[in-house]
S.K.: 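Below are the structure tokens for one structure; questions will follow.
Proteins get letters first, then strands, A, B, ... in listed order; numbering begins at 1 in each. Atoms considered below: every heavy atom in the structure, side chains included; atoms not considered: hydrogens, waters and symmetry mates.
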Protein chains: 2
Amino acid sequence: MFKEIEQKKIYLQILEQIKDNIIEGNLKSGDRLPSERQWAEQLGVSRATIREAIRALEMIGLVRCQQGEGNFIAVDYEDTLTQPLTIMFWLSKAKISQIQELRRALETESAKLAAKHMTPERYEKIEKICQAIETETDESIRAELDKRFHYEIAMASENIMIKNVLLSSASLIEALIKDIRIAILDDPHRGPLIDQQHHIILQAFQSHDPLKAAMAMSQHMDLIDDFVSRLEPDD
Amino acid sequence: MFKEIEQKKIYLQILEQIKDNIIEGNLKSGDRLPSERQWAEQLGVSRATIREAIRALEMIGLVRCQQGEGNFIAVDYEDTLTQPLTIMFWLSKAKISQIQELRRALETESAKLAAKHMTPERYEKIEKICQAIETETDESIRAELDKRFHYEIAMASENIMIKNVLLSSASLIEALIKDIRIAILDDPHRGPLIDQQHHIILQAFQSHDPLKAAMAMSQHMDLIDDFVSRLEPDD
DNA sequence: TATTGGTCAGTGGTCTGACCACCAACCTGT
DNA sequence: ACAGGTTGGTGGTCAGACCACTGACCAATA
């Protein structure tokens, strides 16, 4: 299952091996890796080296480390970009509005693709979420449902790359503005507006109209834009 | 009643410190980090631990390691996402067309923002590149110029997050289809078409018309879409 | 019987000290 | 002045040790 190590950046070789093993199907999400001691012996390297490799893999969200239990392949790769994206945000001294613009680009494309590939099952699922949002009165639950609304659209886009980048940037925004959804949803003037926008998006999905979906989602994003811009005035 | 006791992993604490130091301006691109031994002593941890932190930082492109010389803060953070994006691509078994869709979303938004923020200096720069593309006959140089064309637009968008995600996905596509630009440009029917599209984009920039820029760029992307779809037929 | 609490083996987290490979800057002899 | 070797500092790797945590097993207790 694991080959002997040659020379070069050892931790990169281990990464390659894991990658290959996953692609070949020998390793899958949630699988446990060999224990560090055992693995080190198998590969003929020291435990310290194995650990450096694991650390690198953990950083990009590919491996989850649990003391006393073991190291595991991440259950999904949705968080692979979150950490790097967060770092990039801080180091490049970007503004929140810039992530928001990134998210806008992805949400609109996501909606466009979702409309293109929408299935009755998925549509029903999303429709139910919308209905739940309308009838729900607890703002924090409404916020959670709104999140799921966007998540399901991302799934429906059938594009895992866009989905993951989108989810990462969305969670970064959330981390920066914890209660953005609540704050937006809480505005009594906005509640109905949001529901209306959701409906337009739904209609676009139902009629498989990518352009309409993209435009509707873009307008939906305007709400968040507005909130961000007030939170973070232009320099 | 009792608060949870939580000991963050040391390597994450070190990451935090580096992040803070960069934000505060104590550390900047290209700066050299303390030697591992010295640093370990300063922080009161072992060298192995320091190395695990460095390995994690190297993985996301934040640190460059040079044996016999030292460890350095990366000169730019443009590659922070390239590695994770590549890993994600392989592990999620995505198709090239999906990255292309990701790129399309970013290129169009990038063009839109560029039109919004275009300055005479930047316009002139991009215009010169376009002229160079038209007069150049060597296909590989044309390809290189085309790359710069997109790069400058990304810069002009004045959105570092979009720029970096875009460049990462573009370089991932390039790695997967090495000669895509040449292959596309090489088609005698396409050469004039590309030049024409570039001009439309330029016009949109000049008139600060974001929507027109986005649409023109989207059409420009169709060319690559077309190429990818022929290279990678639908399942 | 059901629950508590201890033991124990296995795991990741960290530390220590050592050796190797590499690089740059400093000699040194010509 | 210069080519070539020496030397000290750096990252790369290794071996072995101890700690903290986990889960499973099991005995003592209510």
S.K.: Kindly write out the residues that satisfy side chain to side chain donor-acceptor pair (under 3.5 Å) with B/S168, not counting sequence neighbours, or none if the list is empty.
M.R.: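 Counting only residues at least two positions away or on another chain, B/S168 forms a side chain to side chain donor-acceptor pair (under 3.5 Å) with B/T82.
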S.K.: Restricting to salt bridge (charged side-chain N to carboxylate O under 4.0 Å, His left out), what partner residues turn up for A/K125, sequence neighbours left out?
M.R.: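 Result, salt bridge (charged side-chain N to carboxylate O under 4.0 Å, His left out) vs A/K125: A/E152.
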S.K.: Report yes if a side-chain nitrogen or oxygen of B/N71 is closer than 4.0 Å to either non-bridging phosphate oxygen (OP1 or OP2) of D/dG11; otherwise report no.
M.R.: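 It does, given that an N or O in the side chain of B/N71 lies less than 4.0 Å from OP1 or OP2 of D/dG11.
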S.K.: For A/F149, what residues pass the ring-ring contact (aromatic ring centres under 6.0 Å, His included) criterion, not counting sequence neighbours?
M.R.: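 Checked A/F149 against ring-ring contact (aromatic ring centres under 6.0 Å, His included); matches are A/H198.
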S.K.: What is the nucleic acid contact for A/R64, judged by heavy atoms within less than 4.0 Å: base, sugar-phosphate only, or nothing?
M.R.: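 If one applies the 4.0 Å heavy-atom cut-off, A/R64 turns out to touch nothing in the nucleic acid.
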S.K.: With sequence neighbours left out, what residues match A/R47 under side chain to side chain donor-acceptor pair (under 3.5 Å)?
M.R.: A/E36
S.K.: With sequence neighbours excluded, what pairs up with A/E16 under the salt bridge (charged side-chain N to carboxylate O under 4.0 Å, His left out) test?
M.R.: A/K19
S.K.: With sequence neighbours left out, write down each residue that passes salt bridge (charged side-chain N to carboxylate O under 4.0 Å, His left out) with A/E52, or none if nothing qualifies.
M.R.: B/R51, B/R55
S.K.: How would you summarise protein contacts on nucleotides 21-27 of chain C per nucleotide, using B for base, S for sugar-phosphate only and - for none, with heavy-atom distances below 4.0 Å?
M.R.: BBS----
S.K.: Atom CD of B/E36 to atom P of D/dG12: distance rounded to whole Å?
M.R.: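 Taking atom P of D/dG12 as the reference, CD of B/E36 is at 6 Å.
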S.K.: By a strict heavy-atom criterion of less than 4.0 Å, which residues belonging to residues 37-56 of chain B are in contact with DNA chain D?
M.R.: B/R37, B/R47, B/R51, B/R55
S.K.: Excluding sequence neighbours, so at least two apart, what forms salt bridge (charged side-chain N to carboxylate O under 4.0 Å, His left out) with A/K116?
M.R.: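 A/K116 satisfies salt bridge (charged side-chain N to carboxylate O under 4.0 Å, His left out) with no other residue.
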S.K.: Is it true that A/E158 and A/R122 have a side-chain N and a carboxylate O under 4.0 angstrom from each other?
M.R.: yes
